[in-house]
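Heads up: numbering here begins at 1 and tracks the sequence. FYI, side chains are in, hydrogens and waters are out, and symmetry mates aren't considered; it's all heavy atoms of this structure.
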Amino acid sequence: MLLYWDVTIGESAGYFADVYKIEYLEDKVICAVTSKIVSRKEKINVDTGANASQEEQQEDVDDESCQSGPELILNSNGTLEENVILTTKKELQKYLKKHLKKLEECLKKRIVDLEAEEYKVKSDIDCAKDTLKDYEQAMNKKTGIVKFMSLFDADDSTIYTSPDFDFETATGTPVIGKWNEDCTMMTFYFLNHCLCENKL
């Protein structure tokens with residue numbers, strides 16, 4: 001199993017595993033991940049706060065908490081959350097302009113870090129170099145980024161980012177979530193060059 005994480009934040013931002021339907025668009029500039037909408041019930045313990053005595057004991061009440069939403073978000077354990085800043089296409093475009101520069105820096109740093117490891121893994125280094133090369137080609141063509149921007153529509157889309165998102169430092173890759181027509185599925189669009197993978 002592979003876990004995909006955000007190179008601009010680090011391995012703590014593990015977004016999803018390869019258990020979902022994954023497609024690549026625009027010469028692999030965009031990674032599209034489809035997730036069903038689910039509801040989950042979780043039992044919680046409610047402490048009434050009563051004082052225990054010889055005659056009565058502290059009473060616990062079992063209750064159920066229901067969570068509904070895209071399975072990918074519920075499974076992310078808080079590494080993806082709805083962004084309340086990037087709510088318009090103008091804000092998204094403004095952020096991406098800075099973020100793409102940040103991304104290039106992070107891709108270059110990843111190569112340096114891998115090459116500096118005591119036990120170098122050639123396949124990991126080659127993969128990181130290929131990712132940087134593909135990214136530079138994608139930036140020259142621009143079509144993939146333009147397509148990514150066009151996917152966002154405030155009426156049927158939501159922007160998700162890591163809790164470590166920072167607008168000023170352009171940290172955290174924006175993810176576009178779009179509902180299908182009957183709202184039973186959501187497709188998440190990632191910038192593929194922002195994703196690194198680890199084997200679990």
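- The side-chain heavy atoms of Leu92 and Pro174, taken from C-beta on, include a pair separated by under 4.5 Å.
- Hydrophobic clustering keeps Leu195 apart from Tyr189 (ILVMFWY residues linked when any side-chain heavy atoms are closer than 4.5 Å, directly or through intermediates).
- Within a 6.0 Å sphere centred on NZ of Lys89, other residues, nucleotides and ligands contribute more than 12 heavy atoms.
- For Phe190 and Phe148, the gap between ring centers reaches or exceeds 6.0 Å.
- Thr87 OG1 to Ile159 CD1: the interatomic distance, rounded to the nearest 0.5 Å, is 9.0 Å.
- A donor-acceptor pair shorter than 3.5 Å cannot be found between the side chains of Thr131 and Asp134.
- The shortest side-chain heavy-atom distance between Lys120 and Ile125 falls under the 4.5 Å cut-off.
- When hydrophobic clusters are built by joining Ile, Leu, Val, Met, Phe, Trp and Tyr residues whose side-chain heavy atoms come closer than 4.5 Å, directly or via intermediates, Val7 is grouped together with Ile111.
- Checked against the 6.0 Å centroid threshold, Tyr160 and Phe188 count as a close aromatic pair.
- Ring centers of Tyr4 and Phe16: under 6.0 Å apart, within the cut-off.
- Judged by distance alone, the side chain of Asn192 and the main-chain N or O of Lys28 form a donor-acceptor pair under 3.5 Å.
- A distance of 4.0 Å separates OG1 in Thr161 from CG in Asn83, rounded to the nearest 0.5 Å.
- Here Glu104 does not pair with Lys109 in a salt bridge; the nearest charged N to carboxylate O distance is not below 4.0 Å.
- The main-chain N or O of Met185 is found under 3.5 Å from a side-chain atom of Asn180 such that the two form a donor-acceptor pair.
- Heavy atoms from other residues, nucleotides or ligands lying under 6.0 Å from CD of Gln93 number 12 at most.
- No donor-acceptor contact under 3.5 angstrom links the side chains of Asn77 and Asn75, judged on distance only.
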Is there a side chain to side chain contact (heavy atoms under 4.5 Å, CB included) between Asp113 and Glu117 once you walk through the steps?
CA-CA 6 Å; Asp113 291 344; Glu117 289 183 353; 5.8 Å; no

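- The neighbour count for Lys94 NZ, taken as heavy atoms of other residues, nucleotides or ligands under 6.0 Å away, does not exceed 12.
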Start with the C-alpha gap between Arg110 and Leu107, add the side-chain angles, then the distance that decides, and say whether side chain to side chain contact (heavy atoms under 4.5 Å, CB included) holds.
CA-CA 5 Å; Arg110 176 160 170 76; Leu107 291 175; 5.7 Å; no

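- Contact between Lys199 and Leu2 at its shortest, heavy atoms only, is CG-CD2, 3.5 Å.
- A donor-acceptor pair is defined here as one N or O able to donate and one able to accept, closer than 3.5 Å; no such pair exists between the side chain of Asp18 and the backbone of Met1.
- Between the side chain of Lys102 and the main chain of Leu96, no donor-acceptor pair closer than 3.5 Å is present.
- When all heavy atoms are compared, the tightest approach of Pro163 to Glu81 is CA-OE2, 3.4 Å.
- To the nearest 0.5 Å, atoms NZ (Lys129) and CG (Leu132) are separated by 10.0 Å.
- The same ILVMFWY cluster, assembled from side-chain heavy atoms under 4.5 Å apart, contains both Leu25 and Leu191.
- The pair Lys178-Asp153 fails the salt-bridge criterion, with no side-chain N (NZ, NE, NH1 or NH2) lying under 4.0 Å from an Asp/Glu carboxylate O.
- Between His193 and Tyr135, the ring planes lie perpendicular to each other; the angle is over 60°, past the 30° to 60° tilted range.
- With no hydrogens or angles considered, no side-chain donor-acceptor pair links Thr8 and His99 at under 3.5 Å.
- When atom types are taken as modelled, the side chain of Thr187 and the backbone of Ala32 share no donor-acceptor pair closer than 3.5 angstrom.
- Taking CG from Leu86 and OG from Ser157, the interatomic distance works out to 13.0 Å, rounded to the nearest 0.5 Å.
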